[in-house]
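Everything below concerns the one structure shown next.
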Amino acid sequence: MNTHTVATTPFNDQKPGTSGLRKKVVVFQSPRYLENFVQAVFETIFDAAAAPSGCTLVLGGDGRYYNREAIQVILKMAAANGFGRVMVGKGGILSTPAASCVIRKYKTFGGIVLSASHNPGGPDGDFGIKYNIGNGGPAPEKVTEAIYTKSKTISAYRMLDAADVALDAVGETSLGNMKVQVFDPVSDYAELMESLFNFAAIRNLLAGGFLRIKFDAMHAVNGPYAKEILERRLGAPVGSVMNAVPLEDFGGGHPDPNLTYAHDLVEIMYGAEAPDFGAASDGDGDRNMILGQRFFVTPSDSLAVIAANATLVPGYKKGLAGIARSMPTSAAADRVAQALNIPCYETPTGWKFFGNLMDAGKVTMCGEESFGTSSDHVREKDGLWAVLFWLNILAVRRQSVESILREHWAKYGRNFYSRYDYDGLPTAAAQGVMSHLQNNFGQLTGAQFGKYTVKFCDDFSYTDPVDGSVSSGQGVRIIFTDGSRIVFRLSGTGTEGATLRVYLEAYEADTSRHHLDAQVALADLIRIALQISELKQRTGREQPTVIT
Ligand code: G1P
Ligand code: ZN
């Protein structure tokens, strides 16, 4: 078999963001586009990251359109670039948390995950590619910067001239001098879950019919994982997992587990025959949504409840070293950390900031308001892990989801929370809102809006306590004297125009007000946010695209 060196010229838009390089499928399909980026990744791995030749790479994706084609290209390029072995999930399937698990378990040099997470798939949808390092987490900025720098000067890529590799049966084959090991993408992950949670207690609950559950895999990667773990290993009745077959276009849906997009599940969980517990995960299996019977658990509250109940779960019975949450995530977890007398770190949006804290042993658990929760068992967020955590808590406490939340709020107070997303805005208009805020927040301190008084405003900046690196400009925060907050930031993951996110949080200690609907409790803050930002005037948008 021959290795070809193919001349190429650089593209100028291959800057990987916090979640890798994410573009429309048609962009990835244009000649040399994927190849250029993969070559930039490989040269970075071997040059900048000093990987030994012959090292191992993990490879897989969420099964979306173009997954299989991309895997064949990457395998042939890996063989031509000096890898000794590539471990590929059977059928090209590997959820993001499972990739993290496998990289860590087999101590591989790194891994490539093909996914655009919760973005729609199919020929008109999105595709993405992300490089993870040996700790199982997303590559840090210095690595993604090195990849980007390479991508701008690339003049050739290397590829083995070989037939496609069969991906649909477990086993080992050779590709030139490289081994390709096709493995079961579920078993290592399922084993890790069994080591953390009390499967016997959960099995009692589910197989015994004490708790009826519905898990919506949203036609995405977690289908096979949920079938194996929830139905086969934990005995939930067949059919408890819905939309379980990964489809290239996610059935035409938007595989994002929230009240808007997980409508199949929401209908069931709010219906007359609603089960006791519902959950969903996203395209690549790292996000989660938790529902009780006709009851929504905000991701911020979910993190707080999980942290407060951690010692009920075998893998966490010694307690937590600390908790971390992203800045826009509500402060509900902070209150739990305070009660447990452990630190709570506030990081910029994006999972990569948690990795350093976990590697340094400073935090055990972390979460984001965007339906992401996890712990140091991997270095990614982990959708099924969060679901199993809840099931373990329910198996011990034998209460409804709603009553667990009500007790939690009675003890810690309630942080009412909501996020408004304005998608597909003209970039200039969205940036206009942000600069207007940045130019004017200095004058807001002390300003009074009804019962709310502004304590301070800033543009969030974070100094990593482990490596001292500074990330500034991470979102405008308006913080009120009672702990309520409004946060504005621009999304870094969209692929069309700009997405402006407005995060609203109102703290309420008074138990008699805990039953309020979040939108009612937040109505004043929403008004204040629109007034201060001039959002409607500047964007022409009357309503947000999505409210979560
Ligand atoms: C969004 C979420 C963020 C998450 C990221 C990747 O990023 O807000 O919390 O880490 O997706 O899943 P954003 O589009 O806001 O930059
Ligand atoms: Zn995801």
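Whatever order the structure lists them in is the order used to number ligands and atoms, beginning at 1. Heavy atoms only: backbone and side chains are in, while hydrogens, waters and symmetry mates are out. Throughout, residue positions are numbered sequentially from 1 according to the sequence presented.
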Practice task
Report the name of the N/O/S atom of D286 located nearest to the Zn ion (ligand 2).
Solution key: OD1
Practice task
Give the atom name of whichever N/O/S atom in D284 sits closest to the Zn ion (ligand 2).
Solution key: OD1
Completion exercise
The residue among D286, D62, D382, D284 that forms side-chain hydrogen bond (donor to acceptor under 3.5 Å, both in side chains) with T96 is D284
Exercise for the section: Taking atom NZ of K142 as the centre, report whether more than 12 heavy atoms of other residues, nucleotides or ligands fall under 6.0 Å from it. Expected result: no
Practice task
For the Zn ion (ligand 2), decide whether S117 has an N, O or S atom at a distance under 2.8 Å.
Solution key: yes
Show the distances, to 0.1 Å, for all pairs joining an N/O atom of ligand 1 and a protein N/O atom that are shorter than 3.5 Å, listing one pair per line.
residue: ligand 1; atom: 9 (O); partner: E368; partner atom: OE1; Å: 3.2
residue: ligand 1; atom: 9 (O); partner: E368; partner atom: OE2; Å: 2.8
residue: ligand 1; atom: 9 (O); partner: S370; partner atom: OG; Å: 2.6
residue: ligand 1; atom: 10 (O); partner: E368; partner atom: OE1; Å: 2.7
residue: ligand 1; atom: 10 (O); partner: E368; partner atom: OE2; Å: 3.4
residue: ligand 1; atom: 10 (O); partner: K381; partner atom: NZ; Å: 3.4
residue: ligand 1; atom: 11 (O); partner: R287; partner atom: NH2; Å: 3.1
residue: ligand 1; atom: 12 (O); partner: R287; partner atom: NH2; Å: 3.1
residue: ligand 1; atom: 12 (O); partner: K381; partner atom: NZ; Å: 2.9
residue: ligand 1; atom: 14 (O); partner: S491; partner atom: OG; Å: 2.6
residue: ligand 1; atom: 14 (O); partner: T493; partner atom: OG1; Å: 2.5
residue: ligand 1; atom: 14 (O); partner: R501; partner atom: NH2; Å: 2.6
residue: ligand 1; atom: 15 (O); partner: R489; partner atom: NH1; Å: 2.6
residue: ligand 1; atom: 15 (O); partner: R501; partner atom: NE; Å: 2.7
residue: ligand 1; atom: 15 (O); partner: R501; partner atom: NH2; Å: 3.4
residue: ligand 1; atom: 16 (O); partner: R489; partner atom: NH2; Å: 2.9
residue: ligand 1; atom: 16 (O); partner: G492; partner atom: N; Å: 2.6

Problem - E231 side chain to V241 backbone, donor-acceptor under 3.5 Å - result: yes
Practice task
Inspect the surroundings of CD in Q338 and state if more than 12 heavy atoms from other residues, nucleotides or ligands are less than 6.0 Å away.
Solution key: no
Practice task
Give the name of the N/O/S atom in D282 that lies closest to the Zn ion (ligand 2).
Solution key: OD2
Handout entry: Pairs satisfying side-chain hydrogen bond (donor to acceptor under 3.5 Å, both in side chains), at least one member in residues 352-363, at least two apart
Key = N135-D359, E141-K352, N356-D464, N356-D467, D359-R379
Handout entry: F37/F11 aromatic ring centres below 6.0 Å
Key = no
Exercise for the section: Give a yes or no on whether the ring-centroid distance for F127 and Y65 is below 6.0 angstrom. Expected result: no
Practice task
Taking S151 for its side chain and Y148 for its backbone only, find out whether a donor-acceptor pair lies under 3.5 Å.
Solution key: yes
